[in-house]
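What follows is a short report on a single structure.
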Number of protein chains: 2
Amino acid sequence: MRFSYQRETIRDIVCSTNAHPNAGQVFNLAKKLIPKISLGTVYRNLKQLEENGDLRSIYDGNIARYDRNTEPHNHLKCKKCGALVDVNVHDNDIRSDMKKKFQFTVDDIEMTIIGTCQKHTK
Amino acid sequence: MRFSYQRETIRDIVCSTNAHPNAGQVFNLAKKLIPKISLGTVYRNLKQLEENGDLRSIYDGNIARYDRNTEPHNHLKCKKCGALVDVNVHDNDIRSDMKKKFQFTVDDIEMTIIGTCQKHTK
DNA sequence: ACCTCAAATAGTAATAGTTCTTATTATTAT
DNA sequence: ATAATAATAAGAACTATTACTATTTGAGGT
């Protein structure tokens, strides 16, 4: 993959936040640095960076958001503020359980824990 | 909510399968019974049935699929055949853990366990 | 520094899934 | 049976994403 200033900028934007931005948000931030950047470039590069293992995508409803954390992990989603926060849930039991009960070989567990974060609990 | 033959047909279609069909698939099945039914009617009614608690929706990537099972449960997704199968994972530990560690009140855990089902394991 | 050439880009058209609009039809209370 | 209004069919519109294409750019060789 050849160097491109656009791709590096896109990578830096995603990697400098834990907000899990979507393509549109990355595009808006990128425009401040590269006014002529196009939305297609953002989509193409986010996909390439994901295929390359530099980023990972997560679906929030029907839209893709990008995560700088490529290690296996899960998310807490607050339905009051929409925030998505990385969290690690111990899932070895789940993996072995699925194997034993259903002969199902687990590759990945996509888990989003939905609820209300401490900011909105009084 | 007033009675409609279209809505009852849509409900019956989703409730008669465990295949978790999407809107397009429900539409195609509904057309066999009501040739003039429109796609908008399918979308509108699926949404209403979900709001009513008769069905629930799950996202498979970025598309919505409908599930007759409205009880809390999770899914196994085989990446070979795309099949989505209901499964119950014990998650009381997760709920109490999130509360204790992050003061996060859990409403629901959306969990899709991705891997290979026994049909494709030799 | 200049040339070459494939890879990447900007701009725009196209697509997929879904929601909205509107004139017409169907259900239900009276 | 009639009136009031919720639901429909048909198609336009919208949102997120991907594809197309002429032009530009990065990197290696000269």
Completion exercise
Within residues 32-47 of chain A, those residues having any heavy atom closer than 4.0 Å to DNA chain C are Lys36(A), Ile37(A), Ser38(A), Thr41(A), Arg44(A), Asn45(A)
Completion exercise
Winner on side-chain proximity to Ala64(B), out of dA16(D), dT27(C), dT18(C), is dT18(C)
Exercise for the section: Return the nucleotide paired to dT30(C): Watson-Crick means purine N1 to pyrimidine N3 with N6-O4 or O6-N4, wobble means G-U with N1-O2 and O6-N3, both under 3.5 Å. Expected result: dA1(D)
Practice task
Measure across Thr17(A) and Ile13(A) and return the closest heavy-atom pair with its distance rounded to 0.1 Å.
Solution key: CG2-O, 3.5 Å
Practice task
Report yes if some heavy atom in the side chain of Ile94(B) is under 4.5 Å from a heavy atom in the side chain of Val106(B); otherwise report no.
Solution key: no
Fill in the blank from the handout: 5'-most contact on DNA chain D (nearest-nucleotide basis), Asn62(A) vs Gln48(B), goes to Gln48(B)
Handout entry: Earlier contact from the 5' end, DNA chain C, for Ile63(B) and Phe3(B)
Key = Ile63(B)
Handout entry: Donor-acceptor under 3.5 Å (His73(A) side chain, Asp86(A) main chain)
Key = no
Practice task
Indicate whether the side chain of Asp93(A) and that of His90(B) have a donor and an acceptor atom separated by less than 3.5 Å.
Solution key: no
Problem - Note, Val87(A) side chain near Phe102(B) side chain (heavy atom, < 4.5 Å) - result: yes
Fill in the blank from the handout: Out of dG26(D), dG17(C), dT28(C), minimum distance to the side chain of Arg2(A) belongs to dG26(D)
Fill in the blank from the handout: Per the under-4.0 Å heavy-atom filter, residues of residues 4-22 of chain B near DNA chain D come out as Ser4(B), Gln6(B), Arg7(B)
Exercise for the section: Start with the C-alpha distance between Lys47(B) and Glu50(B), add both sets of side-chain angles, then the distance that settles salt bridge (Lys or Arg N to Asp or Glu O under 4.0 Å), and finish with yes or no. Expected result: CA-CA 5 Å; Lys47(B) 196 194 278 190; Glu50(B) 182 182 11; over 6 Å; no
Problem - 4.5 Å side-chain heavy-atom contact, Ile34(B) and Thr41(B) - result: no
Problem - Integer-rounded Å distance: dT15(D) C1' and Asp60(A) CG - result: 15 Å
Problem - Phe27(A) CZ to dT17(D) P, straight-line distance once rounded to whole Å - result: 14 Å
Practice task
Mind calculating the distance between CD (Gln25(B)) and P (dA16(C)) to the nearest angstrom?
Solution key: 15 Å
Handout entry: Heavy-atom check, side chain of Leu55(A) versus side chain of Cys15(A), under 4.5 Å
Key = yes
Practice task
Give the intermediate values and the outcome of side chain to side chain donor-acceptor pair (under 3.5 Å) for residues His20(B) and Asp60(B).
Solution key: CA-CA 10 Å; His20(B) 308 83; Asp60(B) 179 14; over 6 Å; no
Exercise for the section: Calculate the interatomic distance between Glu51(B) atom CD and dT19(C) atom P; express it in whole Å. Expected result: 10 Å
